[in-house]
Number of protein chains: 2
Amino acid sequence: MTTKKKYPHCCPVRYTLDLIGGKWKLPIVALLRSGALRFTEIERALPGISARMLIKELKELESHGLLTRTVFAAVPLRVEYCLTDDGYSLCPVFQAMHAWGSTHMASFAEETAACIGPKTVGLAEPTEAQKLG
Amino acid sequence: MTTKKKYPHCCPVRYTLDLIGGKWKLPIVALLRSGALRFTEIERALPGISARMLIKELKELESHGLLTRTVFAAVPLRVEYCLTDDGYSLCPVFQAMHAWGSTHMASFAEETAACIGPKTVGLAEPTEAQKLG
DNA sequence: CAGGATCCAGGATGATACTG
DNA sequence: CAGTATCATCCTGGATCCTG
């Protein structure tokens, strides 16, 4: 959806922004770095997102090849989302943005430093990112 | 505007996305890496942006300390925008996004590889970025 | 030239109800 | 559980006119 709809792709940076620049894309990808998750799990890990939005975001990410969707036809339906290699390859971008953000936030960010989940993921935990990058 | 309006800042990545994740922020910052530019120059270098938007984006970037606005009280009014150190410090983010985007675009991106300006800036020319980073 | 103010259409998103 | 569909709303951003 966000891909070639609005404007033709010009430079790689714009392209990247288009694919992961949304409000939730990066957080979602970050979450999945730790492994596959079910719809509900992702939903709960992202306080503030609506199911409708999450579905849309997941679809877009999938259509861009950043994650895969696997359906398990069980009684309580089960769908798992998992990063592709392309998805994992976003780690350096995380690192860069995390590093810059950390520096620039500095002062007022301490007490609210973790959002995405209770302690689920710091979005770009240097350790995690490095191990994956 | 984009700062603490919508949601409290949680993680550095979200913070970064908030500051430069828009449609034009990064392109603008990229342009200014080469030095100060006037309003009209930026406008012309970003085909598709409206003056109204550009003004808004510039204001936000300024309010976040990424660039400075200098007014020259000349007859034909002259206003120049220039990156701050914080603005320049975004180079690594450029590089990361540029690198990922280049790889992931691959096939269909060749003939339209330059947008921002005629040849103004490739958004994150490795050479430029490295020299500044 | 640079930017403010206003009007307005369209997209993005929340809420709710329904389905396999 | 994991969606889909629809309605209502809100915000974004373009177009236009005005100012210093």
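In what follows, chains are A, B, ... by sequence order, proteins preceding strands, each numbered from 1.
Listed nucleotides C/dT13, D/dC1, C/dG4 differ in distance to A/K56; the shortest reach to its side chain belongs to C/dT13. Listed nucleotides C/dC1, C/dG14, C/dT13 differ in distance to A/S50; the shortest reach to its side chain belongs to C/dG14. Here D/dG20 is the nucleotide among D/dT4, D/dA2, D/dG20 with the atom lying nearest to any side-chain atom of B/L77. Listed nucleotides: C/dC1, C/dA12, D/dT4. Nearest to the side chain of B/R38: C/dC1. Among the nucleotides D/dA2, D/dT4, D/dC1, the one closest to the side chain of A/P76 is D/dC1.
Atoms CG (A/L58) and P (D/dT4) sit 11 Å apart, rounded to a whole Å. Summarising the geometry, the separation between CH2 on A/W24 and C1' on C/dG14 is reported as 12 Å, rounded to the nearest angstrom. For the pair A/L37 CG and D/dA2 C1', the computed distance is 15 Å after rounding to whole Å. The distance between atom CD of B/E57 and atom C1' of C/dG4, rounded to the nearest whole Å, is 17 Å. Atom CE of B/M53 is separated from atom C1' of D/dT12 by 8 Å (rounded to the nearest Å). Following rounding to the nearest Å, B/L54 (CG) and D/dG13 (P) show an atom-to-atom distance of 13 Å. One interatomic measurement links the two molecules: CD1 of A/I49 to P of C/dT13, which rounds to 9 Å at whole-angstrom precision. Taking atom CD1 on A/I55 and atom C1' on C/dA17, their separation rounds to 14 Å, with Å as the unit.
No chain of hydrophobic side-chain contacts below 4.5 Å, direct or via other Ile, Leu, Val, Met, Phe, Trp or Tyr residues, connects A/F72 to A/L32.
Side-chain atoms of B/T68 come within 3.5 Å of backbone N or O of B/C82 as a donor-acceptor pair.
A/G48 comes within 4.0 angstrom of sugar-phosphate atoms only, judged by non-hydrogen atoms across all strands, and of no base. Residue contacts for B/F72: at a heavy-atom cut-off of 4.0 Å it reaches no nucleic acid atom on any strand shown.
To the nearest 0.5 Å, atom CD1 of residue A/I42 and atom CH2 of residue A/W24 are 12.5 Å apart. Rounding to the nearest 0.5 Å gives a distance of 5.5 Å between OG1 of A/T16 and CH2 of B/W100.
For a distance-only test at 3.5 Å, the side chain of B/R52 qualifies as a donor-acceptor partner of the base of C/dT6.
Dashed line: the shortest gap from a side-chain N or O of B/K59 to OP1 or OP2 of C/dG4 is under 4.0 Å. Contact annotation: A/Y81 reaches the phosphate of D/dG3 (side-chain N/O to OP1 or OP2, under 4.0 Å).
Counting only residues at least two apart or in different chains, salt bridge (Lys or Arg N to Asp or Glu O under 4.0 Å) contacts with residues 72-95 of chain B comprise B/R78-B/E80.
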